[in-house]
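The structure appears below as structure tokens.
FYI, side chains are in, hydrogens and waters are out, and symmetry mates aren't considered; it's all heavy atoms of this structure.
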Amino acid sequence: MPYSSKALKRFNHLLSETGAAYHEAAVRLGLPDSVMRILYTICGYDSGFRCPLREVCVRTGISKQTINSALRRLEAEGIVYLERADAKHKDICLTEQGIRLAERTAVRVMEAEDAVLAAWPRKDVETYLALTEKYLTAFRKETETLHLEQELRDP
């Protein structure tokens, strides 16, 4: 039996529309979603134009296979290169060409986001961020015990 409260339907609609808006921005800027999200993550990381590969995986939620495929394409185009950070980890680094691409794409999306938040009263921004964090924390707590029931796992 389908379940969905009116609030949940609106919430899911808004999430879907937000995702669609980011997709449309990527399309307008001529990038696949995966590339936009990778560039966005690198630009938003606090180490200049480099970011640990594992952080890109965590922050984007994109599968490792999709990230690796996108990175191979970006490496071939001279946009990124991988650099060993330590024995087990690599960083994704933007080349000069990659920095220029990021500035024309992901950075512009970040500037648009900043413009939206800058137009809101500070209290609204603080409330929005606090409620988003509150929702995420509560959702993680509610779902930490989810698992596929045994009878569904064993045919």
Side-chain angles (χ1 to χ4, degrees), residues 1-29 31-74 80 82-94 98 102 105-155:
M1 173 169 105
Y3 170 81
S4 188
S5 68
K6 188 175 181 178
L8 182 60
K9 285 180 182 178
R10 182 174 178 207
F11 178 76
N12 283 320
H13 173 76
L14 291 171
L15 281 180
S16 294
E17 288 297 309
T18 300
Y22 278 93
H23 170 74
E24 289 169 18
V27 169
R28 284 189 189 108
L29 293 168
L31 293 179
D33 290 334
S34 59
V35 171
M36 175 60 86
R37 290 171 67 189
I38 290 168
L39 291 175
Y40 184 98
T41 302
I42 294 169
C43 291
Y45 197 72
D46 294 330
S47 295
F49 291 107
R50 69 185 302 129
C51 182
L53 176 56
R54 69 182 177 277
E55 280 298 313
V56 171
C57 293
V58 169
R59 291 180 183 209
T60 64
I62 300 172
S63 73
K64 288 182 184 182
Q65 181 179 359
T66 300
I67 287 175
N68 286 328
S69 175
L71 288 177
R72 281 192 298 276
R73 198 172 44 231
L74 290 170
V80 302
L82 296 177
E83 187 173 276
R84 187 153 302 283
D86 59 38
K88 293 183 180 180
H89 303 100
K90 293 181 182 177
D91 285 347
I92 304 170
C93 307
L94 295 180
T105 57
V107 171
R108 289 178 63 197
V109 170
M110 292 173 151
E111 290 169 346
E113 293 168 323
D114 276 339
V116 168
L117 294 178
W120 291 3
R122 183 179 184 108
K123 183 162 178 39
D124 287 358
V125 173
E126 291 170 7
T127 299
Y128 176 76
L129 294 175
L131 288 173
T132 301
E133 187 172 13
K134 183 177 180 179
Y135 175 84
L136 178 58
T137 300
F139 181 76
R140 283 185 170 146
K141 186 174 191 301
E142 285 291 324
T143 59
E144 67 187 16
T145 60
L146 289 180
H147 57 11
L148 192 57
E149 293 182 25
Q150 187 66 37
E151 59 268 14
L152 294 177
R153 285 186 272 173
D154 295 334

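- When all heavy atoms of C57 and K64 are compared, the closest pair comes out as SG-CG, 3.9 Å.
- S69 meets the side-chain hydrogen bond (donor to acceptor under 3.5 Å, both in side chains) test with no other residue; sequence neighbours excluded.
- For the salt bridge (Lys or Arg N to Asp or Glu O under 4.0 Å) condition, no pair includes a residue of residues 6-17, sequence neighbours left out.
- Contacts of Y22 classified as side-chain hydrogen bond (donor to acceptor under 3.5 Å, both in side chains), with partners at least two apart in sequence or in another chain: E113.
- Atoms CD1 and CG, on I92 and L74 in that order, are 9.0 Å from each other to the nearest 0.5 Å.
- Residues satisfying the side chain to side chain contact (heavy atoms under 4.5 Å, CB included) criterion with V125, sequence neighbours excluded, are L117, W120, L129.
- Evaluation of the side-chain hydrogen bond (donor to acceptor under 3.5 Å, both in side chains) rule for D114 yields no partner, not counting sequence neighbours.
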(request) Might you work through the side-chain contact (heavy atoms from CB on, under 4.5 Å) test for I67 and L53, ending with a clear yes or no? (result) CA-CA 9 Å; I67 287 175; L53 176 56; 3.9 Å; yes
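- If you take CG on L71 and CD1 on I38, they are separated by 4.5 Å, rounding to the nearest 0.5 Å.
- With sequence neighbours excluded, the residues forming a side chain to side chain contact (heavy atoms under 4.5 Å, CB included) with A26 are D33, M36, listed by chain and number.
- Side chain of T66 to main chain of I62: no donor-acceptor pair is present (N/O by atom type, distance under 3.5 Å, no hydrogens or angles).
- Side-chain atoms of V109 and L29, non-hydrogen and from C-beta on, do get closer than 4.5 Å to each other.
- Taking the side chain to side chain contact (heavy atoms under 4.5 Å, CB included) definition, one finds that T145 meets it with nothing, sequence neighbours left out.
- Listed by chain and residue number, E126 satisfy the side-chain hydrogen bond (donor to acceptor under 3.5 Å, both in side chains) test with R122 (two or more places apart in sequence, or in another chain).
- Here the CZ atom belonging to R73 is positioned 11.5 Å from the CG atom belonging to N68, to the nearest 0.5 angstrom.
- Pairs engaging residues 40-50 under the salt bridge (Lys or Arg N to Asp or Glu O under 4.0 Å) rule: R50-E83, R50-D91 [sequence neighbours left out].
- Applying the salt bridge (Lys or Arg N to Asp or Glu O under 4.0 Å) rule to E24 yields the partners R28; only residues at least two apart in sequence or on another chain are considered.
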Please tabulate, for the side chains in residues 135-144, all donor-acceptor contacts under 3.5 angstrom to protein atoms that are two or more places apart in sequence or on a different chain.
unit_1	atom_1	unit_2	atom_2	d
T137	OG1	E133	O	3.0
T143	OG1	F139	O	2.9
T143	OG1	R140	O	3.4

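- The distance from the NE2 atom of H23 to the OG1 atom of T18 is 14.5 Å, given to the nearest 0.5 Å.
- Listed by first then second residue, pairs satisfying ring-ring contact (aromatic ring centres under 6.0 Å, His included) with a partner in residues 33-72 number zero, not counting sequence neighbours.
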